[in-house]
Structure formats: C-alpha cells, structure tokens
*Asks:* 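Questions regarding the structure given below will be posed in turn.
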Amino acid sequence: MRKYEAVFILDPRKVEGDGEAFSDSIVENFKNNGGTVERVKNLERKTFARPIGRHTMGIYWDYVVSLPPDAIAKIKDQYRLNQTVLRLVFFNFEDGQDDTFFNPPENRAKLFQEDFFGDSFDHDDRPYRGYGGNDEN
C-alpha cells in the first residue's frame, strides 16, 4: 500500500451545498477498493484560471489515502464518465509535504509577513529633481 493525495474537482451545479454527500461516496469508494482514508479536506469553491469546457468554477476536495497501486486505475475508470467530477488527479504523498498549507490561518500569515517592510525607506534622503530646491532653471 502506498500513500496518495487525491484531488477531485466537482461541478457545483451537480452537487448540493459543498458536495458533502458526494464526498462521502468517494470515501466509501476508496474503502471498497482496499484503501484507508487518512484525511478529507474541503478546499471550497474556486474560480478556474482557464475554464474547463463551459465551467468557470469548481469545488475542490483533497484526500490523503493509502491504496494499493492497482486501485488507482480502477478509481479513475469509475469516475471517468461521471459528469459530477470535472477533474481527478492522484499524487504520491510524502508526510509533512503540505504542513505549511494546512496550518491554521494565523500561523500561515506569519509565513508571508515581511519584517520591517518600509522601515529603511526615508523620503527625506531622496534627492529632488526639477521641482523647487536650488535649481537655477
């Protein structure tokens, strides 16, 4: 058994709410194919950078599962013609690879703060050109 991260993008017009019921059926499908689900995360509704057909947004669901390698092809085949699933992708998962993303928001904000931003810039040290000052023009 290997550990994978599976990302499903669901059509918001075909599921109710955020797709909780459909997500539960995905979890059951993982279990029926011999897997164990370690994490389920709703990444909410997002707008696409490029449309998928006529769709401009989708609901993202992220799963971390342990599955036998042959189960991936079966799962992809089961959802291949399902019109609710816009995209499905599996990645190899390594422990700790997404710890910074799934931290609480207050910890994540610290990653993007710039310490002392703007403290070294002083308007009085900039030379003035062509306006006022001691120019003779």
*Asks:* Which atom names give the shortest non-hydrogen contact between Gly58 and Ile9, and what distance separates them?
*Replies:*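 For Gly58 and Ile9, the tightest heavy-atom pair comes out as CA-CG2, 4.0 Å.
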*Asks:* Could you report the tightest heavy-atom contact between Met57 and Leu86, atom names first, then the distance?
*Replies:*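 So the two residues come closest at O-CD1, 4.2 Å.
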*Asks:* For a quick test of reading the model, state the closest non-hydrogen atom pair linking Ile75 to Leu88 and the distance between them.
*Replies:*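 So the minimum-distance heavy-atom pair works out to O-CD2, 4.3 Å.
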*Asks:* Report yes or no: do Val37 and Val64 belong to one cluster of Ile/Leu/Val/Met/Phe/Trp/Tyr joined by side chain heavy-atom distances under 4.5 Å?
*Replies:*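 Each belongs to a different hydrophobic cluster.
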*Asks:* Is there side-chain contact between Trp61 and Val7, with heavy atoms separated by less than 4.5 Å?
*Replies:*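 Side chain of Trp61 against side chain of Val7, heavy atoms only: no contact under 4.5 Å found.
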*Asks:* CG of Asn82 to NZ of Lys14: how many Å apart, nearest 0.5 Å?
*Replies:*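 Nearest 0.5 Å value for the CG-NZ distance: 9.0 Å.
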*Asks:* Nearest 0.5 Å, please: how far is NZ in Lys31 from CG in Asn33?
*Replies:*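 Spacing of CG (Asn33) from NZ (Lys31) equals 13.0 Å.
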*Asks:* Going by heavy atoms in the side chains, are Asp62 and Glu5 under 4.5 Å from each other?
*Replies:*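 A side-chain contact under 4.5 Å exists here.
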*Asks:* Compare every heavy atom of Ile59 with every heavy atom of Gly17, then report the nearest pair and how far apart it is.
*Replies:*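 For Gly17 versus Ile59, the nearest heavy atoms are O-CD1, 3.8 Å.
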*Asks:* State yes or no: do Val27 and Tyr60 share one hydrophobic cluster built from I, L, V, M, F, W and Y residues joined by side-chain heavy-atom distances below 4.5 Å, directly or via other members?
*Replies:*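 No, separate clusters.
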*Asks:* Using the side chain to side chain contact (heavy atoms under 4.5 Å, CB included) criterion, which residues pair with Asp18? Sequence neighbours excluded.
*Replies:*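 Partners of Asp18 by the side chain to side chain contact (heavy atoms under 4.5 Å, CB included) criterion, ordered by chain and then number, come out as Asn42, Arg45.
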*Asks:* I'd like to check Tyr4 versus Phe90 (side-chain heavy atoms, cut-off strictly below 4.5 Å). Are they in contact?
*Replies:*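 Result yes, sub-4.5 Å side-chain heavy-atom pair found.
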*Asks:* Going from OG on Ser23 to CD on Glu28, what distance comes out if it is rounded to the nearest 0.5 angstrom?
*Replies:*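 Here the rounded value is 10.5 Å.
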*Asks:* Going from CG on Asn32 to OG on Ser25, what distance comes out if it is rounded to the nearest 0.5 angstrom?
*Replies:*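 So the gap between those two atoms works out to 10.5 Å.
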*Asks:* Is there side-chain contact between Glu38 and Val65, with heavy atoms separated by less than 4.5 Å?
*Replies:*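 A side-chain contact under 4.5 Å is absent here.
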*Asks:* Taking Lys3 first and then Glu94, would you say they form a salt bridge - that is, a charged N and a carboxylate O separated by under 4.0 Å?
*Replies:*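 Looking at Glu94 together with Lys3, the answer is no, because their closest N to O distance does not fall below 4.0 Å.
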*Asks:* Given the rule that I, L, V, M, F, W and Y join up when any side-chain heavy atoms are under 4.5 Å apart, are Tyr79 and Leu10 in one cluster?
*Replies:*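 Yes.
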*Asks:* Could you give all pairs that pass the salt bridge (Lys or Arg N to Asp or Glu O under 4.0 Å) test and reach residues 74-85, with sequence neighbours left out?
*Replies:*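 Qualifying pairs: Asp77-Arg80.
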*Asks:* Ignoring hydrogens, what is the shortest heavy-atom contact between Gln83 and Asp11? Give both atom names and the distance.
*Replies:*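 Closest pair (atom of Gln83, atom of Asp11, distance): O-CB, 4.1 Å.
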*Asks:* Restricting to non-hydrogen atoms, name the atom on Gly35 and the atom on Met1 that form the minimum distance, rounded to 0.1 Å.
*Replies:*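 The pair with the smallest heavy-atom distance is CA-CE, 4.4 Å.
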*Asks:* Is there any ring pair (Phe, Tyr, Trp, His ring centres under 6.0 Å) pair reaching into residues 15-53, and which pairs are they, with sequence neighbours excluded?
*Replies:*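 Applying ring pair (Phe, Tyr, Trp, His ring centres under 6.0 Å) to every pair that reaches into residues 15-53, excluding sequence neighbours, yields Phe30-Tyr63.
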